[in-house]
Protein chains: 2
Amino acid sequence: MIRRIPQPRDRGIPDATVARLPLYLRALNGMAERGTATVSSEDLAVAAGVNSAKLRKDLSHLGSYGTRGVGYDVQYLIYQISRELGLTQDWAVAIVGVGNLGRALANYGGFASRGFRIAGLLDADPHVVGDRIAGLVVEHADELESVIKKRGVSIVVLATPATAAQQVCDRVIAAGVTSILNFAPVVLAVPDGVDVRKVDLSIELQILAFHEQRKANGGPIMAEEWPDGVVM
Amino acid sequence: MIRRIPQPRDRGIPDATVARLPLYLRALNGMAERGTATVSSEDLAVAAGVNSAKLRKDLSHLGSYGTRGVGYDVQYLIYQISRELGLTQDWAVAIVGVGNLGRALANYGGFASRGFRIAGLLDADPHVVGDRIAGLVVEHADELESVIKKRGVSIVVLATPATAAQQVCDRVIAAGVTSILNFAPVVLAVPDGVDVRKVDLSIELQILAFHEQRKANGGPIMAEEWPDGVVM
DNA sequence: TCGACTTTGTGCATAGCTTCACAAAGGCAC
DNA sequence: GTGCCTTTGTGAAGCTATGCACAAAGTCGA
């Protein structure tokens, strides 16, 4: 007989679930601030904008942290999700590229409150180096490797122009970084074992435009036929 | 015998495909700039960072625009994808909330080049109203409805603080907008027929932290057992 | 202690997405 | 023409994610 009792989490939480955990965490933090002690999957699902069965299944991947007939303890669930996401530890983040976007990111409050500490701001432009932003002095991009090593940076945010992104990417990987958040509109080539996530602001707008166009064209019937004699 | 020859596109392109079309478009534009005339699904897939079978299936949803043995005509494919996404027309976009992020978005070059025209910048803070950013003068948020109607705004970008987002959202919907890009860290409640896409900068970092933690913990074996006597 | 009530956790069916693998289609050399 | 070579477009299989629906488990009042 196999004893298999506590086993809080299986190795291997589905990606779709991982992507939603931050959402739940945000909703839970809001509830905690308002003094809510426990919450049902139904209420939490509404607050997070998902289906309650999905929410329960997601949480079941972390372990069995609810109480039947009652719901989930808000504080305890915050702790468990935070731990699963690795937010109970402190992550040193460097932002490379201090243009408009880099500044916005440096000033964004949502990082610090979740265990992400901005440990360095770097830029290649001498006019920007030395500026004080969000309490940090911008350093020259030449310092990249030394900043990463001295301050234990493990996540790098790329907010450089597209042309510089791959080069900076190569350097941070050589310096040992294996997690990169890329805002530059290029596909980065990276070796196995390095995680890249990308955010492209214009992609989201294009997806909206697609749906907006569909609405405007009005339903299933399309009067307009596409031109055969189109430039080719 | 059923004649079924031109039928360029089925109604109903999968969401996953729509989300990748902008990626292909970006890769194709790069190739066009470098003077490439035709491209195989294999090369385009590499440039876009996806599997080539997936790319071909995605494109097949738009129609049959390739030539067997040759590949795809770059210019023609750019045209077809742009048209499908609705980028051959001009979209008037208003940005509400001109903080760091709103400024970064207003200055972001990736919009104008894809048919998105910033038609208005609005903010509730009198200190910001009147500033000139990216060639536009910031207007007071009270003007929201009139700006939307007079300038034919069909997409609104929310870059307000979380507390203001729902209220602004309600107003733009009342003014007839049905496509919203939300950067505020809240779940917006909207009626059916309104599309909301959200970008949460801190969610991406949290997902990276999750994977980074996994790597650090080293493989399938977990020495550390989770504490039973945890605060509850 | 018991029974009514609430809510979780999950088996199962379904839907959607990804990937493989290959026949069909077209170009090109000779 | 003809045959070879390349590359598309897609059927089919496998995988992942979603959502329903309900048994199991726990609370709470009497």
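All heavy atoms count here, side chains included; hydrogens, waters and symmetry mates do not.
Atoms CD (A/Gln80) and C1' (C/dT8) sit 16 Å apart, rounded to a whole Å. Atom CG of B/Asp58 is separated from atom P of C/dT19 by 11 Å (rounded to the nearest Å). In this structure, the CG atom of B/Leu62 is 15 Å from the P atom of D/dT8, given to the nearest Å. Here the C1' atom of nucleotide C/dG27 and the CG atom of B/Asp73 are 15 Å apart, to the nearest Å. Taking atom CG of residue B/Asp15 and atom C1' of nucleotide D/dT18, one finds them 14 Å apart after rounding to whole Å. Going from atom CG of B/Leu44 over to atom P of D/dT8 covers 9 Å, rounded to whole Å. Note: CG (B/Asp43) to P (D/dT6) measures 14 Å, nearest angstrom. In this structure, A/Leu55 places its CG atom 14 Å from P of C/dT10, rounding to the nearest Å.
Side-chain atoms of B/Arg56 lie closest to D/dG9 of the nucleotides D/dC20, D/dG9, C/dG9. Of the candidate nucleotides C/dT10, C/dA25, C/dA21, C/dA21 has the atom lying nearest to any side-chain atom of B/Ala53.
Contact record, A/Val186 with A/Ala165: CG2-CB, 3.8 Å, taken as the closest heavy-atom pair.
In terms of phosphate contacts, A/Ser40 brings no side-chain nitrogen or oxygen within less than 4.0 Å of OP1 or OP2 of C/dT7. A close approach under 4.0 Å does not occur between any side-chain nitrogen or oxygen of A/Thr67 and OP1 or OP2 of D/dG26. For A/Tyr72, no side-chain nitrogen or oxygen approaches OP1 or OP2 of C/dT6 to under 4.0 Å. In this model, the phosphate group of C/dC17 is not approached by any side-chain N or O of B/Asn51 to a distance below 4.0 Å at OP1 or OP2.
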Exercise for the section: Starting from the C-alpha separation in whole Å, work towards a yes-or-no answer on side-chain contact (heavy atoms from CB on, under 4.5 Å) for B/Gln206 and A/Phe111. Expected result: CA-CA 9 Å; B/Gln206 291 175 62; A/Phe111 293 158; over 6 Å; no
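With hydrogens and angles ignored, the 3.5 Å screen pairs a side-chain donor or acceptor of A/Ser82 with a backbone N or O of A/Ile78.
Aromatic pair B/Tyr65/B/Tyr76: ring centres closer than 6.0 Å.
Looking at B/Ser154 and A/Glu212, their side chains never bring a donor and an acceptor atom within 3.5 Å of each other.
Between the side chain of B/Lys57 and the base of C/dT19 there is at least one donor-acceptor pair of N/O atoms closer than 3.5 Å. Side-chain atoms of A/Arg68 stay outside donor-acceptor range of the base of C/dT7, with no qualifying N/O pair under 3.5 Å.
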